Structure formats: C-alpha cells, structure tokens
Colleague: 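My questions all concern the structure below.
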Amino acid sequence: MPRLKEECDIFCYFGMIFLSHALLFPGRISGTCVTFTALLNDCPSENTKSKRLLGKSKSHSRVGLKSSTKQKTSIFSTLASEKSLSDCKKEQQWKLSMYSSGITPVCFTSPLIEKPIGKESMPQTPPFSAMFDSSGYNRNLYQSADDSCGGLYYHDNNLLSGSLEALIQHLVPNVDYYPDRTYIFTFLLSSRLFMHPYELMAKVCHLCVEHQRLSDPNSDKNQIRKIAPKILQLLTEWTETFPYDFRDERMMRNLKDLAHRIASGEETYRKNVQQMIQCLIRKLATLSQYEEVLAKISSTSTDRLTVLKTKPQSIQRDIITVCSDPYTLAQQLTHIELERLSYIGPEEFVQAFVQKDPLDNDKSCYSEQKKTRNLEAYVEWFNRLSYLVATEICMPVKKKHRARMIEYFIDVARECFNIGNFNSLMAIISGMNMSPVSRLKKTWAKVKTAKFDVLEHQMDPSSNFYNYRTALRGAAQRSLTAHSSREKIVIPFFSLLIKDIYFLNEGCANRLPNGHVNFEKFWELAKQVSEFMIWKQVECPFERDRKILQYLLTVPVFSEDALYLASYESEGPENHIEKDRWKSLRSSLLGRV
C-alpha cells in the first residue's frame, strides 16, 4: 500500500479535513483549533505576509506564521515562483510520469488576469476575473476629491486603511462618484467582521436618503436622475453578489424602502427595481429548496452496518454495479461538486471565522449561529465521499473484489484530475488512506499501484501542497483560455482553500494600531474569494445520470467503527491491540462474542 512518506505530511494531509471540521463545527470537536494549529506550525500558508503593511496581530505567533525575510511584493502582484535547476528536472520527470500514467498534464503557466474596466458613462459590472488587476486597486472615473483627507489612507494609489465610517461613506455613490467594483465587493465581504449587514444597509440608506436629499419633495429632479441609477446599481451589486444577506427581514425592508424612493416618479427605475427584487426573491427561494433537499437527504441517511443486518450482502449493490465506467462516475461527482459549490455564498468564508471586534465592546458581530450552512454542507459532502470510498472497498468478502474496487477508484480519481475536480480527487485519496483500508495488506498486494503513486504525488502535502497548487494554477489558466465548457471546470481542494483563508484571517490584524481598518488584508481576502466566485459559476457540461447521483448521495456508508470491523473481518487482526478492538467491535456492533 503506497503511503505518504513524512509524518508531518500525513498530519497536514488528514489534518486539513480535521481543521475544516474544527472551524465550522467548533461545538463538536473540543480543542481542535489549538491541536491542529500546533501541527501546522511547520506548514505555513501561502498567504503568509509581511507585518509591515498588514499590521501586528496578537494571534500571529499563536498560529505559527513566520515573517518572510524577502522583500515584500505588492499585494496584487502576479504570483510567480522561481525554480531551481533541480526543481525543473523534478518537474520534467513528473510530467513524463503523468503521460505514462494516462493523466493529462495541464499548462503550468501563471493565470492570466484581465485588465480592469475603463471609463464609462455608467458603472459597469465586469466579470470577477476583471475585478483585481496586478497593479492594484483601480481608482475609477467617479473618484471623489476628498478621499485623501477623509479618513482613508492610500499608498501608490492603493487604498490601504481607513476608519470604518470613512469606508462606509466611500461605498455610497453621489452625482460625481461611483465606487469601483473591486471596492464594493471587498467592503461588502469584509464589513461583516465589524457590523451586521443590516446595520451597514441602514447606514447606506441613511447616507443615500439624507445626503442625496431623496426624501425632499422639492429636491432637484435632474440631480435625482443622475444619482438614482448609481444607487440602484449599488443595490443590484449587493443583491446579486451577496443575496443571502437579504434573508434577514431588516435587510429586505431597508432595500425595499430605498428602492421605492428611487423608483417614485420614474417608470424606467420602477421596472428596474421590480426586476432586481424579483431576481433576489427567486434566488432565495431556490436556496430554501436546496436546503430542504439537503435536510431530507441527511434525515434518511443510515449506517451501512444497519442495512447489512437486515439485508444479505450477496444481494446488495455496490458502486460498480451502478456505474461500471470510472469516467462516468467522475462526471457525476463533478455534477455534485459544482451544484454544492454554486450555493456557497462568498460571505460564508468570512462568517466562518468571525472574531470579536476590539472596538465594539468585545462583542462578536454575529452573536447568533454562524451563517455558514452551505459551506458546512460542502465539507460534509467531502467526508461522505471519503467514507463511501472506504465502505465500498471494505465491503466485499473476497480479496480480488476488494482489489478490483481499489483499482476502480484509482481510475475515478485519475479522471477527476483530468476534469479539474480536485476536491473529489482528494476525497477519494483520503478514503483509500483511511486506516481500515490501508491495513488491508493482502488486498493491496494484488493492486497495480503505479497510477495511485502518481496521484498521491500530485496531492502530496509537502512544501505546502506545491504540486497541487501548480496543477491548480494550470487548471485556472486552462479555464481562462477554454474553448469548451468542459475545460472551464476548476474545483479546488476545498479544505485547503479554507485553511488558506483561515491563516490569512488569523495571521493579519483586522485593525491597525491607530484604529483604522486594515484594508490591505481585505484586498487579499477578496482576491482569493473572487477566484472561487469565478469557479463556482461554471455550468456542468456533463449529462446527469439520476440513478448514479441518487446512489452517491443516499447510499448508506459505514461509520468509522463499522469500517474497522469490516476491515478486521476481511483481514484478521495482526496484534493484541487489534484483536482486543475487534472483539469489542463485534460485541458492540454485532452483539457477538
């Protein structure tokens, strides 16, 4: 059985999934963050930044991040890693091994970044790939004249920090100014670390109504005609990018009130407002339906062992009888991944790590339950797939059938890699590396593991997942230049994405010593989340197979104890510890002595 070589790498490999659970389900795993943080001290995140501009954080040393001695590059500079001669040779050898193993290599050049939008008579809505330019924050045509002295601090034309009130005012358009979309997205994403979205909406509505005199019946109609489209555009940006904010009745009430003031007396604006609100209501209704389906699936799930007790194993189906073609199964896994990704709101990445704001009387801005349900559901799907793989391998009684199942999942994992579905790839590898599976030495002896070795190398956690990050950049590059919808698919290893955002959030202070909001941190945060926003919008090009999807989502899987029991039943215990555990499991799960 191929194994990950270094102990630290094994900790990182499985600990990444453990961290996701610890952060998203803190009540279920005690002491997780501290334990896992210690494990990751020697595995710094890709987001480690210099303290000079990002500010000093009390949590910086706690998470084990190290300051770089190299000169700090711009936060928007294109990421490029220089390789040594030995690294280049290793990469060439790796490419050759990929070709020989049937894995399609991807282009390893840096992702292209589109140029920001130019000056237009009305603010436009460019794609997310155009939001962040390598040169920095794009100051738009509608830049106000008093930014430099209004509580905002710029360096080389980049907004680095500002007071919270100044940043809120910078969000609100006026006759001569409309904020750049990069700023809108970044501030709406990060502001929830300091206040509830409904509080921000109330402040925005107040500034729009009072400063632009929308409530004054004697105000200049021409002035209102100039400002109304910009306010409507801002509201549209908010409802399209962060629609889940509007599940709060207070948000919806403020939205409708401001929209009514804009639409009064202008038929064109009234139609636009109706269209915006109808679109928002449809999105929220679709989300509610999705959550109902998830709840139904969760309520009907049972332990595979319970099924085994009531139904003979000989007449039960396995994954190969449902789908004999690994490529087809990889396609159906991609359907599930893209569907679940599409429901994750960008704000969930921030809300998962909400801390106390030191300038807000030590009160967390989210005292109620964290609004991260879709993100949690996606992490749970990863774990389900890992346990499904382990269950399917441990289920067969005969050794040759178990070996066949392992080779089947290796082929599925390879197809996931070629598609760009890295999350399913890692879930499958994790399932095959679970102890109940890895201990089946007689079974693994019958498996041709060359393909699996290549896949494990690709997802090797050493050097902070260098091989995976290289492949991810290649897939992102392929997506930007894609000629078909199939080539646009990029599904990242989600637990690692969460880890990167977690370390960025923990390693950099939200506020600077002068009380200003550390906006440079939030530029980087928004840049990472905006990449995810591009990837989650891809439509799956493969045909849906309801029978396969139903099996993947609803078939019972073994619990951890049941996996160990099935493993011991297949290949007997090797030492006294395993024998004692086997006896205990047989007694507790099967009622046998």
Side-chain angles (χ1 to χ4, degrees), residues 1 13-14 17-18 20-21 25 28-29 297-323 329 332-333 336 377 379-410 412-413 424 426-444 447 548-574 577-592:
M1 161 62 187
Y13 186 76
F14 292 106
I17 302 134
F18 193 56
S20 300
H21 259 67
F25 313 112
R28 303 183 200 176
I29 306 175
I297 291 174
S298 179
S299 64
T300 57
S301 63
T302 56
D303 192 316
R304 188 70 162 258
L305 191 65
T306 305
V307 179
L308 281 177
K309 290 179 179 179
T310 58
K311 189 176 181 181
Q313 190 179 36
S314 58
I315 62 173
Q316 287 192 46
R317 295 183 304 167
D318 62 18
I319 188 68
I320 296 179
T321 61
V322 175
C323 177
L329 186 67
Q332 300 311 304
L333 288 172
I336 296 173
V379 173
E380 288 173 344
W381 155 248
F382 179 97
N383 292 330
R384 172 180 168 76
L385 180 55
S386 295
Y387 272 84
L388 174 61
V389 169
T391 300
E392 295 285 345
I393 293 172
C394 291
M395 272 272 294
V397 175
K398 294 185 178 181
K399 183 169 38 180
K400 65 178 182 180
H401 291 163
R402 293 195 298 272
R404 177 190 174 206
M405 189 66 72
I406 289 174
E407 291 180 343
Y408 173 81
F409 277 116
I410 291 173
V412 174
S424 289
M426 182 56 98
I428 293 171
I429 292 176
S430 297
M432 288 194 282
N433 273 287
M434 291 177 72
S435 294
V437 177
S438 63
R439 65 169 299 277
L440 299 173
K441 296 177 181 178
K442 294 177 183 178
T443 302
W444 280 98
V447 176
I548 299 173
L549 292 173
Q550 180 78 5
Y551 185 90
L552 290 170
L553 292 169
T554 63
V555 68
V557 297
F558 281 152
S559 65
E560 185 177 5
D561 284 344
L563 280 175
Y564 272 106
L565 178 60
S567 179
Y568 292 142
E569 296 286 339
S570 298
E571 295 186 20
E574 296 182 347
I577 296 176
E578 288 190 347
K579 285 181 181 178
D580 290 341
R581 185 170 190 182
W582 181 37
K583 291 178 183 178
S584 175
L585 290 173
R586 284 175 65 88
S587 175
S588 61
L589 298 180
L590 299 180
R592 301 174 187 172

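Every heavy atom of this structure was used, including side-chain atoms; hydrogens, water molecules and symmetry mates were not. Each residue takes its place number in the sequence, starting with 1. Since this is a predicted model, take the numbers as computed values, not measurements.
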Colleague: Taking all atoms of both residues into account, what is the closest heavy-atom pair of T443 and A403, and its distance?
Modeller: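 Smallest heavy-atom distance, with atoms named: CG2-N, 3.6 Å.
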Colleague: Drop me the distance from T554's OG1 to L549's CG, to the nearest 0.5 angstrom.
Modeller: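 CG of L549 is found 10.0 Å from OG1 of T554.
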Colleague: If you compare all heavy atoms of V555 against all heavy atoms of R384, which two are closest, and at what distance to 0.1 Å?
Modeller: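 Scanning both residues, the minimum pair turns out to be O-NH2, 2.6 Å.
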Colleague: Do the side chain of W381 and the main chain of L553 share a donor and acceptor less than 3.5 angstrom apart?
Modeller: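 The answer is no, because no donor-acceptor pair under 3.5 Å joins these two groups.
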Colleague: Starting at OG of S424, measure out to CD1 of I429 and round the result to the nearest 0.5 Å.
Modeller: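 The CD1 atom of I429 is 11.0 Å from OG of S424, to the nearest 0.5 Å.
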Colleague: Of all the heavy-atom pairs spanning L585 and L565, show the shortest one and how long it is.
Modeller: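 Closest approach of L585 to L565, heavy atoms only: CD1-N, 3.8 Å.
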Colleague: Could you tell me if the side chain of I320 sits less than 4.5 Å from the side chain of R404, heavy atoms only?
Modeller: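 In short, these two side chains touch, coming nearer than 4.5 Å.
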Colleague: So, the side chain of S584 versus the backbone of D580: is there a donor-acceptor pair under 3.5 Å, distance only?
Modeller: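 Judged by distance alone, no pair lies under 3.5 Å.
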Colleague: Looking at every non-hydrogen atom in both residues, tell me the closest pair between P396 and S570 and how far apart they are.
Modeller: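 Minimum heavy-atom contact is O-OG, 3.9 Å.
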Colleague: Working to the nearest 0.5 angstrom, can you tell me the gap between I336 CD1 and L552 CG?
Modeller: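 CG of L552 is found 4.5 Å from CD1 of I336.
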Colleague: Would you check if Q550 and V322 make a side-chain contact, meaning some heavy-atom pair closer than 4.5 Å?
Modeller: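 SC-SC contact between Q550 and V322 ruled out.
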Colleague: Does the side chain of M426 reach to within under 4.5 Å of the side chain of L385, using non-hydrogen atoms?
Modeller: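 The answer is no, as the side chains (C-beta and beyond) never meet within the 4.5 Å cut-off.
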Colleague: So does V397 get a backbone contact from the side chain of R402, meaning a donor-acceptor N/O pair under 3.5 Å?
Modeller: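 Confirmed, R402 side chain pairs with V397 backbone.
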Colleague: To the nearest 0.5 Å, what is the distance between OH on Y551 and CG on L329?
Modeller: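 The OH atom of Y551 sits 10.0 Å away from the CG atom of L329.
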Colleague: Counting N and O atoms only, with roles assigned by atom type, does the side chain of S386 sit under 3.5 Å from a partner on the main chain of A427, one being a donor and the other an acceptor?
Modeller: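 Checking the backbone N and O of A427 against the side chain of S386, a donor-acceptor pair under 3.5 Å is found.
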Colleague: May I ask you to check if R581 and Y564 form a cation-pi contact, with NZ or CZ under 6.0 angstrom from the six-membered ring centre and within 45° of the axis?
Modeller: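 Yes, cation above the ring, under 6.0 Å and within 45°.
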Colleague: Do the side chains of L333 and I428 get nearer than 4.5 Å, heavy atoms only?
Modeller: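 The answer is yes, as the side chains (C-beta and beyond) meet within the 4.5 Å cut-off.
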Colleague: Using atom types as modelled and distance alone, determine if a side-chain donor or acceptor of R439 lies under 3.5 Å from a backbone N or O of E571.
Modeller: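 Looks like yes, one N/O pair under 3.5 Å.
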Colleague: Working to the nearest 0.5 angstrom, can you tell me the gap between I319 CD1 and L388 CG?
Modeller: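 Separation between the atoms: 6.0 Å.
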Colleague: Is the backbone N or O of K583 less than 3.5 Å from a side-chain atom of S587, with the two atoms forming a donor-acceptor pair by type?
Modeller: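 The answer is no, because no donor-acceptor pair under 3.5 Å joins these two groups.
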Colleague: Give the minimum heavy-atom separation between F558 and A566, together with the two atoms involved.
Modeller: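 Minimum heavy-atom contact is CE1-CB, 3.7 Å.
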Colleague: Below 4.0 angstrom, N of the basic side chain to O of the carboxylate: do E569 and R586 qualify?
Modeller: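 Yes.
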Colleague: Identify the two heavy atoms, one from W582 and one from Y568, that lie closest to each other, and give their separation to 0.1 Å.
Modeller: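 It is CD1-CB, 3.5 Å.
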Colleague: Is Q332 close to C323 at the side-chain level, that is, under 4.5 Å between some pair of heavy atoms?
Modeller: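 In short, these two side chains do not touch, never coming nearer than 4.5 Å.
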Colleague: Roughly how far apart are M395 CE and D318 CG, rounded to 0.5 Å?
Modeller: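 Interatomic distance, M395 CE to D318 CG, rounded to 0.5 Å: 7.5 Å.
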Colleague: With a 4.5 Å limit on heavy-atom distance, are the side chains of M432 and I410 in contact?
Modeller: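 Counting from C-beta outward, M432 and I410 do come under 4.5 Å.
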Colleague: Could you tell me whether a side-chain N or O of S567 sits under 3.5 Å from a main-chain N or O of L563, the two making a donor and an acceptor?
Modeller: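 Not a single qualifying donor-acceptor pair exists.
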